[in-house]
Protein chains: 2
Amino acid sequence: MATLKELAKSLNVSISTVSKALNDAEDIGEETKRRVKELAETLDYKPNKFALGLKTKHSKSIGVILPDIQNPYFAEVLYGIEKAALEAGFDTLICVSNESYQQEVKSVRMLTENLVDGIIISIAKETLNLKDFQHLTNLKAKKIHLVQFDRVSPDLACDSVQIDDQESVKNATNQLIKSGKNKIALVSGLGSLNVAKNRIQGYKAALKENGISKNIKLLEVDGVDKTHVQFKNFIKQNTFDAVISIDNKSGIIFQNIMQHYFPERFKKVKIISFIHEKDALLTSPPLNFINQRGAEIGILSFNLLKQRITEKEKNKTIRKEKIIASINFQ
Amino acid sequence: MATLKELAKSLNVSISTVSKALNDAEDIGEETKRRVKELAETLDYKPNKFALGLKTKHSKSIGVILPDIQNPYFAEVLYGIEKAALEAGFDTLICVSNESYQQEVKSVRMLTENLVDGIIISIAKETLNLKDFQHLTNLKAKKIHLVQFDRVSPDLACDSVQIDDQESVKNATNQLIKSGKNKIALVSGLGSLNVAKNRIQGYKAALKENGISKNIKLLEVDGVDKTHVQFKNFIKQNTFDAVISIDNKSGIIFQNIMQHYFPERFKKVKIISFIHEKDALLTSPPLNFINQRGAEIGILSFNLLKQRITEKEKNKTIRKEKIIASINFQ
DNA sequence: GTGAAAGCGCTAACAT
DNA sequence: ATGTTAGCGCTTTCAC
């Protein structure tokens, strides 16, 4: 790897001239700049990150903390973040909390040690339950900017990006109603997350608006791994002509169980689910889906963060972006 | 963040004494070591990574390059790697190539600039097709160790960890045969990957051993996103009493399509699939699965890498670990 | 318009 | 047993 020193020697100028030339400093002659940049290009000079970090105390990199990398939604958000970060010349350090508070604290610490300029986080379930956000509030003192997405805690004063959960589910429910359904069930594998509360509220709001509030049918579980029996019982004990699944798995399971055990009833039921288009195609017939627009959320999150990193004047106004999900009937 | 300088001042000793004490150098008095370490502990001293990297040219970190983070298998391997790395005190930098050669090259470059001590990679499809491994072979000159897993290229002289694909599929096929099946189909969404070739070979070997080689039924596609029609046609045109899916999606789709369009035939068909246990539970009935033991592969990969990083004598022998998958009938 | 020098936090060879 | 010093690659102030 070429260094400033080597460039300087080759060109018979001083190290500081080379440094300034590459940084387009005012006081360097145009001709010199040209020569320096040309040689840097041919020698494929890249500034040494460690020297830079040591000197400047920041690293032109950002950290991302995801609760669960196996969830395709988070993987898609990550994709958006990385894409935007790459274009802006930032490295991305990825951490996975696995929904654990301890792991999240460790991740924050690791990112801090790596002098990231900012962190994009979707908070772990455990942290949300504990309501202990000190590791995150501490970041302000270290001048590390923070952006939350998806699992947004109102207790945290920072920019955020999320789906408008309530509005999105209300939309979806209304569309089902318009298509003639009026006994709509809702299935959630999200436990007590705020996200779940908001989505359920949207569902209830739509039923209410349409005067069918007495038809509320809720199946709530925390995680869907061993819940086949609960699903089956729910189906047996309830009448419904449509189902909204508000997490990324229960819709698939619900459809499969109906198809398996209640094939006749299944034919008359419309299911819509918060899943990725790719997963919607795993089932047959394909599932209708609520598109969470993960990549867009990622890009938006990065852009908010970048604004904070680059802005000179501290702007106190907190930005809360809400995106409406798009509804896809297949 | 506390620095050596601050510790030194507090203790009225020199910076180098502190440094040596923390590194347990021979020539520092026990009492001094104790005092230094104690203060370091209370002040929560952590060596500055940038200073260290600048000085030592390595970073006590490793890089991981995955082709696709949305694949739960890779996510699980990642989990194993991170766990092992954390225990050994290494940071993990994660890159996703999205199956793209260009992106893989960029990732290698980024990791190199970050002075990782080693890289664990599962090679992108595109790279495998192009057979251009220069970005990887170059690593040797930079003294960055390399370990491959899963998508192992024989053209690359480095340690590797993988499932014994042939043996694993042979096992699974044999078990199906023992359970009375003799018209076994194989479905692949893996395109022309070596992994696919080996798995298909295992399937054929088992059929041959059992004298039913004339019953070979193959459905091969490259990616499963828009292939419902192909699946349906295959099912219509072939008779089979069991199916082996050798990727992480086709089994689910296959089962769902059969259940949807051919419910009677479906009842007599046994399906087994290369998927994660969690995904096996998405379907009803749950899918039988071939457990790829991702976490173990991750841990093993890291351990191989760590050996290379820490060993003094360059050991020329290349280690190729092969793990047999476990077969789970539900 | 260009260069010399200090210093970021650390290690290690070389004094003492 | 402890301290001094040089230097990793870079930026930046100050001098020329």
For this session: Check the distance between dG9(D)'s C1' and Leu4(A)'s CG and give it to me in whole angstrom.
Result: 7 Å

Exercise. Closest nucleotide of DNA chain D for Lys33(B) versus for Lys55(B): which of these residues is on the 5' side?
Worked result: Lys33(B)

For this session: Using atom CG of Asn114(A) as one end and atom P of dG9(C) as the other, report the distance to the nearest whole Å.
Result: 16 Å

Problem set entry | Atom of Ser61(B), atom of Phe90(B) and distance for their closest heavy-atom approach | N-CD2, 3.8 Å

For this session: Return the value, rounded to whole Å, for the distance between atom CG of Leu115(A) and atom P of dC8(C).
Result: 15 Å

Exercise. Which part of the nucleic acid does Asn48(A) contact within heavy-atom distance under 4.0 Å: base, sugar-phosphate only, or nothing?
Worked result: sugar-phosphate

For this session: Using the closest heavy atom to pick a nucleotide of DNA chain D for each, name whichever of Thr32(B) or Asp27(A) lands nearer the 5' end.
Result: Thr32(B)

Problem set entry | Per Thr17(B) side chain, nearest of listed nucleotides dC10(C), dG9(D), dG3(D) | dG3(D)

Exercise. Any side-chain heavy atom of Ile144(B) sitting closer than 4.5 Å to one from Thr112(B)?
Worked result: yes

Problem set entry | N/O (side chain, Asn23(A)) to phosphate O (OP1/OP2, dT11(D)) under 4.0 Å | yes

Exercise. Closest heavy-atom contact between Lys306(A) and Ala88(A)?
Worked result: CD-CB, 4.0 Å

Exercise. What's the NZ-P distance between Lys46(B) and dC10(C), to the nearest Å?
Worked result: 13 Å

For this session: Ignoring hydrogens and angles, state whether a donor on the side chain of Ser100(B) or Asn98(B) is under 3.5 Å from an acceptor on the partner side chain.
Result: no

For this session: For residues Pro67(B) and Ala124(B), report the shortest heavy-atom separation together with the two atoms involved.
Result: CB-CA, 4.4 Å

Exercise. Given dC8(D), is OP1 or OP2 found less than 4.0 Å from the side-chain N or O atoms of Lys5(A)?
Worked result: yes

Exercise. For Leu52(A), which contact category applies under a 4.0 Å heavy-atom criterion: base, sugar-phosphate, or nothing?
Worked result: sugar-phosphate

Problem set entry | Straight-line distance of Lys125(B) NZ to Ile123(B) CD1, nearest 0.5 Å | 14.0 Å

For this session: Could you state the atom-to-atom distance from CD1 of Ile15(B) to C1' of dA6(D) in whole Å?
Result: 13 Å

Exercise. Which nucleotide in the list dC10(D), dG1(C), dG7(D) gets nearest to the side chain of Pro47(A)?
Worked result: dC10(D)

Exercise. dG9(C) phosphate, OP1 or OP2: any side-chain N/O from Lys57(A) under 4.0 angstrom?
Worked result: yes

Problem set entry | Short side-chain N/O contact to dT2(D) OP1/OP2 from Ser16(B), under 4.0 Å | no

Problem set entry | Whole angstrom value for the distance that separates P of dC10(D) from NZ of Lys60(A) | 16 Å

Exercise. Quick one: is Ser19(A) getting a side-chain N or O under 4.0 Å of the dC10(D) phosphate, OP1 or OP2?
Worked result: no

Problem set entry | dG3(C) OP1/OP2 closer than 4.0 Å to side-chain N/O of Lys20(A) | no

Problem set entry | Ile28(B) side chain, from C-beta outward: closest of dG9(C), dG3(D), dT2(D) | dT2(D)

For this session: Mind calculating the distance between NE2 (His58(B)) and P (dT11(C)) to the nearest angstrom?
Result: 11 Å

Problem set entry | Nearest-angstrom distance from the residue atom CG of Leu54(B) to P of dC8(D) | 9 Å

